[in-house]
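None of these values were measured; they are calculated from a predicted model. Chain letters run A, B, ... following the sequence lines, proteins first and then strands; every chain starts at 1.
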Amino acid sequence: MSAELSQKGQVLRAVNLSAGYDGRAIVSGITVEASPGKVVSIVGPNGSGKSTLLKSLVGVVPVLAGSVSVGESDITNVAPERIATLGVGYVPQVDDVFPPLTVKENLEIGGYLLERHLVGERITAVLDFFPRLKTMLSRKAGKLSGGERKMLAMGRVLMLTPSVMVLDEPTANLAPQVATQLLEEFIRGFADHGTTVLLVEQRAKAALRISDWTCVLGGGRVVLEGVPADLERDPVFVESFLGGGARH
Amino acid sequence: MSSFGFGLVSAAVLAIAAVGFTMQFAVTNVLNLAYGSIMINSAFVTYYVNTHAHVTPWVATIGGVATGAIVSWALNRFVFTPFQRRNLPPITIVMVALGMDLIGTFGLQAIVGGSYVSFQQSQGSEYHILGMFLSGLQLTIMGLAVVVLVAIHWLLRYTRLGKAMRATSANPNLARNSGVKTGLVISMTWLISGALSGLAGTVFAMNTGVFEATSAQLYIVMLLAAMFLGGPGQPYGAMLGAVTIGVATEISAAYINPEYKEVIAFLVLIGMLMFRPYGLFGSEKTA
């Protein structure tokens, strides 16, 4: 199903990146690369700079040093609306929909860059993927439940057939069952189709299950990274993020 | 009943003005207190085109509308935006807007003087409708307001630009991440809302009959009352707020000294802020 919604990915790369507000770096010296067909997850404690990192990749937070590129294009400090044209879809952790707009209007804004005659077709494809949204097209996004809202946020991004998906805690405030479905069925599904996925996730265990590579942020820097299987053998990582001896 | 008729005409003028004022606040987060001065400057442009080019006031209105649009756009581009980029507190922008209002009003007065002027225009035939006596001009103003409000509804609800305006208003960063050029959307908002201020200024001047440079100086109170009554940043709320304030102030003027019209509007505003600060159409988040 995801074959109709996302496309073959491009490499999203940040090299020696520092980013923050008012000239003050929140994250520093970060090098991370997400490749087509892979899920790269970023985990870390609250305040470690995960969201700031993602925002700097999509042009919302200024990059103070280093570079960001997608495919062959340098997108360092490029405007978010320009980055969207390069196939990068971003779902923020909060404020991920337009509450006063209806579900249909949210999807239409998601397809803002499409030619007008293609918008309806894309909405149909997105609704086939998230059939639950079909019955609530005229409902205001602000009235949706957490799970419905997150589906809409993903649907909005899928309107442009992204090649790179940047997702900031997509399972926040979702029931465990819905979160598992979102991660294992949808997000992993996009990567399996060839899309590049960069994911910030609080549920470390769940993130590791679907990831090909994981970076651990602490104090605005990458403190540990590797394939999930290796990280699960790291006692410090296990103690900090997997709840002691738990591995699954 | 005649007070109710006057109220409807005042409401029609206020509705045109309030929708533009609210759109500016909703999309750009600027409480443009200079709106009244742009209205009266536009009215004077209409007046000069009317009297010097010898065209009807309705044709001359094109000049007033264009003035409102261009001045509003320029005000945002060269005054408000540079201040906003510096991330100053919202009160700073309010003070800047207040300063621009005074510059606009008294600058105009310095140029045109303090004399009252009026359009070269007939009031038209008088009509007796549902116990109200209304002139052809008043009916035209009311009809124009209906057309404008329907057009704004159509713009916001059914056009790509209107949806982008609402998206930008709700969440500008997310709009940009969706590919919306919010800078362009904001410029279009100032042009459209500015055009509405030009049109509102002209019909305001037509409705009052005679006007001078400071005639709209207190009109901002009516605009604020209409906007807060409907809910800050809610164009549909502003329409309802305008009708309520327009009718309430005119009916009160029939029983109290008409000089207190703005006082009545201000009382409504304060009452609304006390009991429902987010207005009739707003939510706690928008207040």
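Side-chain contact check for B/Ser178 versus A/Arg156: some heavy-atom pair is nearer than 4.5 Å. A heavy-atom distance below 4.5 Å is not found between the side chains of B/Asn173 and A/Asp95.
B/Arg160 has no carboxylate O lying under 4.0 Å from a charged side-chain N of A/Glu108, or vice versa, which leaves the two without a salt bridge. A salt bridge between B/Lys181 and A/Glu81 is absent, with no side-chain N of the basic residue lying under 4.0 Å from a carboxylate O of the acidic one.
Within a 6.0 Å sphere centred on CZ of B/Phe78, heavy atoms belonging to other residues, nucleotides or ligands number more than 12. The number of heavy atoms from other shown groups lying within 6.0 Å of NZ (A/Lys134) is above 12.
Comparing A/Thr85, A/Val97, A/Ile83, A/Val88 by how many heavy-atom pairs each has under 4.5 Å with chain B, the most go to A/Val97. The candidate from A/Ala153, A/Pro100, A/Pro80, A/Gly110 with the greatest count of non-hydrogen atom pairs under 4.5 Å with chain B is A/Pro80.
Residue B/Asn171 touches chain A through both its backbone and its side chain, counting heavy-atom pairs closer than 4.5 Å. With a 4.5 Å cut-off on non-hydrogen atoms, A/Ala79 touches chain B through its backbone and its side chain both. Of the two parts of A/Asp96, only the backbone, made up of N, CA, C and O, holds a non-hydrogen atom closer than 4.5 Å to a non-hydrogen atom of chain B. Proximity to chain B (any heavy atom under 4.5 Å) is shown, for A/Val157, by neither the backbone nor the side chain. The part of A/Pro92 that comes within reach of chain B is its side chain, from C-beta onward, which places non-hydrogen atoms under 4.5 angstrom from that chain. Contact annotation for A/Arg82: neither backbone nor side-chain heavy atoms come within less than 4.5 Å of a heavy atom of chain B. Within the 4.5 angstrom heavy-atom criterion, atoms from both the backbone and the side chain of A/Val58 approach chain B.
Atom CG of B/Leu174 sits about 9.5 Å away from atom CD1 of A/Ile109, to the nearest 0.5 Å.
The heavy-atom pair separating A/Tyr112 from B/Ala164 by the smallest distance is CE1-CB, 3.7 Å.
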